[in-house]
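Everything on this sheet refers to the single structure shown next.
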Amino acid sequence: MFGGIEAGGTKFVCGIGTGPEDLETDQFPTSSPDITVNNAIRFFRERRIPVEAIGIGSFGPVDLHPRSPTYGHVTSTPKVGWPNFNLAGAIRNAFGVPVGFDTDVNAAMLGEARWGAARGLQDAVYLTIGTGIGGGALVHGELIHGLIHPEMGHLQIPHDPARDPFPGSCPYHGDCLEGLASGPALQARWGVPAGTLPEEHPAWELEAHYLALGLVNLTVTLSPQRILLGGGVMQQPHLFEMIRAEFGRLLNNYLRHPEVIDHLDRFIQPPGLGPRAGVLGSLVLAERALSGSPTQLAGEPA
Ligand code: ADP
Ligand code: ZN
């Protein structure tokens with residue numbers, strides 16, 4: 001049995017199990033670190049099932065370097081109380097088991113590679129479009145960490161102020177991808193919550209344009225076999241087809257591979273595990289922490 005925590009900036013999802021078949025979950029809002037971590041600890045204690053290891057997929061930025069003195073900390077977030085909080089340490093101290101730690105989107109990527117829509121793939125991207133935009137990538141079957149960790153939401157993309165005068169909502173960059181296309185950006189530009197914009201509203205054409213620009217950049221940089229789009233904004237089912245069409249238009253026949261030319265419907269698709277991708281991926285982080293080495297990611301080929 002493994003424990004998993006999807007530590008989001010809005011809510012925490014805790015899970016216990018071995019995979020999608022037996023996963024038991026609960027969730028609660030993210031408040032102060034003390035209250036939130038105590039809720040997570042209570043979740044596992046109440047189950048009375050000993051877990052061998054716990055994985056955490058966390059909002060960030062986070063420190064992922066095992067030899068760093070601040071490994072497992074949330075670093076520079078604007079969320080009150082959370083900067084420099086030792087999240088992995090708090091969980092390790094409570095349970096005394098190995099704790100795996102990575103970004104929430106890397107965890108979701110891992111879950112999708114093991115059980116979801118990226119099963120059997122070696123190279124894939126998971127992008128969430130919600131309160132923020134964030135991405136995790138699998139390259140040669142392993143997650144990318146790099147110097148810190150990827151911050152795909154802050155891609156700089158073309159922004160024509162004549163077409164879209166909205167300056168963007170990213171506090172650091174204004175009109176980066178997150179500043180132009182996150183849920184709060186949609187709300188700030190159009191004055192209503194993203195979920196209430198009707199299907200025929202011009203918001204969606206612009207949204208598809210920005211997201212497709214981001215996906216083109218990720219595709220020409222990482223050469224993924226598939227891109228999965230999750231998060232609240234992607235709960236608009238018509239958006240997938242609009243993004244695929246715009247992605248194809250922007251690529252302009254440049255990448256001549258059947259997956260891109262003939263199968264955009266599977267090249268760009270929703271996560272197979274839906275909202276459970278992050279917490280299930282956290283179970284894989286737990287398993288990897290226990291074994292001390294990266295485990296086989298891919299299940300049977302999809
Ligand atoms: P978080 O990113 O905080 O983990 P979500 O992925 O649920 O949470 O994203 C929340 C954002 O998604 C909000 O900005 C909200 O306006 C937007 N959102 C939620 N539901 C929808 C929907 N059905 N259509 C479009 N946007 C939505
Ligand atoms: Zn930004």
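Order of listing sets the numbers, starting from 1, for every ligand and every atom in it. Quick caveat, the model's predicted, so the values are computed rather than measured.
Here the heavy atom of the protein found nearest to atom 23 (N) of ligand 1 is Gln235 CB, 3.6 Å. The shortest contact between atom 9 (O) of ligand 1 and any protein heavy atom is with Gly130 CA, 3.2 Å. At the top of the distance list for atom 22 (C) of ligand 1, counting protein heavy atoms only, stands Gly232 O, 3.4 Å.
No hydrogens or angles considered: nothing links the side chains of Thr75 and Asp63 as a donor-acceptor pair under 3.5 Å.
Classification of the Trp82-Phe12 ring pair by plane angle, with boundaries at 30° and 60°, yields tilted.
Contact atoms of ligand 1 toward Gln236: 22 (C), 23 (N), 24 (N), 25 (C) (distance under 4.0 Å to a heavy atom of the residue). Listed by number with element, the atoms of ligand 1 under 4.0 Å from a non-hydrogen atom of Gly231 are 6 (O). Ligand-side atoms of ligand 1 in range of Gly183: 14 (O), range being under 4.0 angstrom from any heavy atom. Remark: ligand 1 atoms within the under-4.0 Å shell around heavy atoms of Pro184 are 14 (O).
Checked against a 3.5 angstrom limit, the closest N/O atoms of Thr131 and ligand 1 fall inside it. Residue Thr10 has at least one N or O atom closer than 3.5 Å to an N or O atom of ligand 1.
A 4.5 Å side-chain heavy-atom check between Trp204 and Val233 finds at least one atom pair inside the cut-off. Residues Ile268 and Leu229 meet the side-chain proximity criterion, which asks for heavy atoms closer than 4.5 Å. Looking at heavy atoms from C-beta onward, Met152 lies out of side-chain contact with Ile133 at the 4.5 angstrom threshold. Between Cys170 and Cys176, some side-chain heavy-atom pair lies under the 4.5 Å cut-off. Taking the side chain as every heavy atom from C-beta outward, Pro61 and His149 approach each other to under 4.5 Å.
Counting only protein N, O or S atoms, the number found under 2.8 Å from the Zn ion (ligand 2) is 4.
Between Phe247 and Phe267, a ring centre-to-centre spacing shorter than 6.0 Å is recorded.
Using a 4.0 Å cut-off between a side-chain N of Lys or Arg and a carboxylate O of Asp or Glu, Asp123 and Arg226 do not qualify as a salt bridge.
Remark: Asp102 pairs with Asn106, His145 by the side chain to side chain donor-acceptor pair (under 3.5 Å) rule, at least two apart or across chains.
Heavy atoms of Pro193 found under 4.0 angstrom from ligand 1: none, in either backbone or side chain.
A cation-pi contact, defined as under 6.0 Å to the ring centre and within 45° of the axis, links Arg45 to Phe95.
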